[in-house]
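Below is one structure, written out as structure tokens; the observations come after it.
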Amino acid sequence: MRTAVIIVAAGRGSRMGGEVPKQWQSLAGKPVLEHALAAFAGMQVVLVIHPGDRARAEALGVPLVEGGATRDASVLAGLQALDGTGVEAVLIHDGARPLVSRSLIGRLVAALAHHDGAAPALPVTDALWRGAEGFVSGTVDRAGLWRAQTPQAFRLAPILAAHRAHPGGAADDVEVALAAGLDVKIVEGEESNLKLTYPGDFARAEAILRGRDMEVRLGNGYDVHAFCAGDHVWLCGVRVPHDRGLLGHSDADVGMHALTDAIYGALAEGDIGRHFPPSDPQWKGSASHVFLAHAIGLAAKRGYRLGNCDVTLVCERPKIGPHAAAMQSELARIMGLDAGRVSVKATTSERLGFTGREEGIAALATATLVRG
Ligand code: MG
């Protein structure tokens, strides 16, 4: 069924306040209407506007129709623009509902295969009262009551006829459809499909958008350094006395290197060697906190913060347990994090392999980065 979308955006939104009608106000950096248009991307759209908004509406690059003095008149103008174009079904959407989802749109279109109309709604769950002058004057049975949303979906010919026959003053298109005897299937709506009505609704909508943009990334790191002559090793930023040292271009802090690589890995930004080439003499003997701070800074620049990290050191000696808490707090300090997001633990390799023969220390690390 060839389906088009009418987005009704001709209202002036007197409850919202502000210089600009709500559908043109900025939500998360772009006009409310752009969010709605993005949800219908790839579908044929007609945008019904107030004549005074033509200049800003043209920037959206979709076909425009000028609306009338009432919502009914605006919808009728949109329906008439589609009449005779081969469109068989239409979704009529309120331009002040920017968060409609693709899945809701899909469910509505599917329901139209069997009904004249289909519209989203949620059951009323709060108790309902009547009130007057600040006092409760009675209660209302909520059984069978629904909160209506848009888009409301109809076959084009019957809803166009219904609008032409309607005397006006309908709250929505379902009311017009019922007056004409059409059947309208209730499709489960979405709590997030809110209608921007009051100024506080913008903050709620932005919080929902942030949640949708949330991204979690995972990285791992692995490093090995060989023992050499010395009297201490640096592990996770802590100087640990030992009868050997660790060989390396920098301070050979194998635990911090693994963690740094885990963060670069989560960002798909290579490893320490890419950012601090061993061939560059300026990093010789460098304290490894420079690398870790760089990785966490790169993450922040891309909008990510560290969710948590977990470092495992693999060695027979030195014993890590007595130093693990200091390592945890030092890594947290370097990254500017709560220590509860940082884990440092150790294991031996049961005297097997190079770590078992005490030829060197290995370290593994995992890090999650969170955006949003
Ligand atoms: Mg290393």
Side-chain angles (χ1 to χ4, degrees), residues 3 5-9 11 13-18 21-43 45 71 75 90-112 114-115 117-131 139-154 170-178 184-216 370-372:
T3 305
V5 183
I6 295 172
I7 299 181
V8 188
S14 56
R15 282 174 290 190
M16 183 64 74
K22 60 186 174 184
Q23 62 272 29
W24 296 106
Q25 289 181 22
S26 177
L27 175 70
K30 57 186 184 184
V32 167
L33 272 175
E34 273 193 41
H35 294 276
L37 284 170
F40 294 105
M43 300 180 73
V45 173
R71 187 182 183 285
V75 172
V90 63
L91 299 174
I92 304 172
H93 187 58
D94 190 328
R97 289 188 192 267
L99 304 182
V100 57
S101 74
R102 298 291 293 193
S103 68
L104 177 55
I105 293 166
R107 292 200 299 278
L108 290 161
V109 170
L112 264 195
H114 309 286
H115 306 279
L122 289 166
V124 172
T125 53
D126 293 325
L128 292 178
W129 301 334
R130 289 189 192 286
T139 60
V140 178
D141 183 5
R142 68 178 177 230
L145 293 182
W146 295 80
R147 293 183 286 138
Q149 301 184 337
T150 73
Q152 298 178 351
F154 304 93
D172 64 7
D173 303 293
V174 165
E175 185 176 335
V176 174
L178 292 184
V184 179
K185 174 77 177 165
I186 297 176
V187 168
E188 187 178 357
E190 293 175 342
E191 212 53 72
S192 60
N193 183 25
L194 57 93
K195 182 176 183 178
L196 299 177
T197 308
Y198 299 102
D201 295 339
F202 273 72
R204 279 177 64 208
E206 287 188 347
I208 291 166
L209 283 169
R210 271 197 303 277
R212 284 185 185 174
D213 286 345
M214 183 168 172
E215 190 175 350
V216 176
V370 181
R371 186 181 68 189

Candidate pair Val140 and Trp129, rule side chain to side chain contact (heavy atoms under 4.5 Å, CB included), full reasoning = CA-CA 5 Å; Val140 178; Trp129 301 334; over 6 Å; no
ask   = Between Glu190 and Arg97, does a salt bridge (Lys or Arg N to Asp or Glu O under 4.0 Å) hold up when you go through it step by step?
value = CA-CA 11 Å; Glu190 293 175 342; Arg97 289 188 192 267; over 6 Å; no
task = Determine, step by step, whether Leu178 and Val184 satisfy the side chain to side chain contact (heavy atoms under 4.5 Å, CB included) criterion, reporting the C-alpha distance in whole Å, the side-chain angles of both residues, the deciding distance to 0.1 Å, and the verdict.
result = CA-CA 8 Å; Leu178 292 184; Val184 179; 4.3 Å; yes
request  = List the steps, then state whether side chain to side chain contact (heavy atoms under 4.5 Å, CB included) holds for Thr3 with Met43.
outcome  = CA-CA 8 Å; Thr3 305; Met43 300 180 73; 4.1 Å; yes
message = Test side chain to side chain contact (heavy atoms under 4.5 Å, CB included) on Asp173 and Val75; report intermediate values, then the result.
response = CA-CA 8 Å; Asp173 303 293; Val75 172; 3.4 Å; yes
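Screening Asp172, Asp94, Asn193 for a side chain to side chain donor-acceptor pair (under 3.5 Å) involving Gln149 leaves a single residue, Asn193.
When the side chain to side chain donor-acceptor pair (under 3.5 Å) test is applied to Glu191, the partners found at least two apart in sequence or on another chain are Arg147.
Here Asp201 does not pair with Lys22 in a salt bridge; the nearest charged N to carboxylate O distance is not below 4.0 Å.
No more than 12 heavy atoms of other residues, nucleotides or ligands lie within 6.0 Å of CZ in Arg204, so this atom counts as exposed by the packing criterion. Heavy-atom neighbours of Glu215 CD from other residues, nucleotides or ligands within 6.0 Å: above the threshold of 12.
When all heavy atoms of Ala170 and Val176 are compared, the pair lying nearest together is CB-CG2, 3.5 Å. Nearest approach of Pro120 to Leu104, heavy atoms of both residues: CB-CD1, 3.9 Å. Of all heavy-atom pairs between Val5 and Phe40, the closest is CG2-CD2, 3.7 Å.
Between the side chain of Arg107 and the backbone N or O of Glu188, at least one donor-acceptor pair lies under 3.5 Å.
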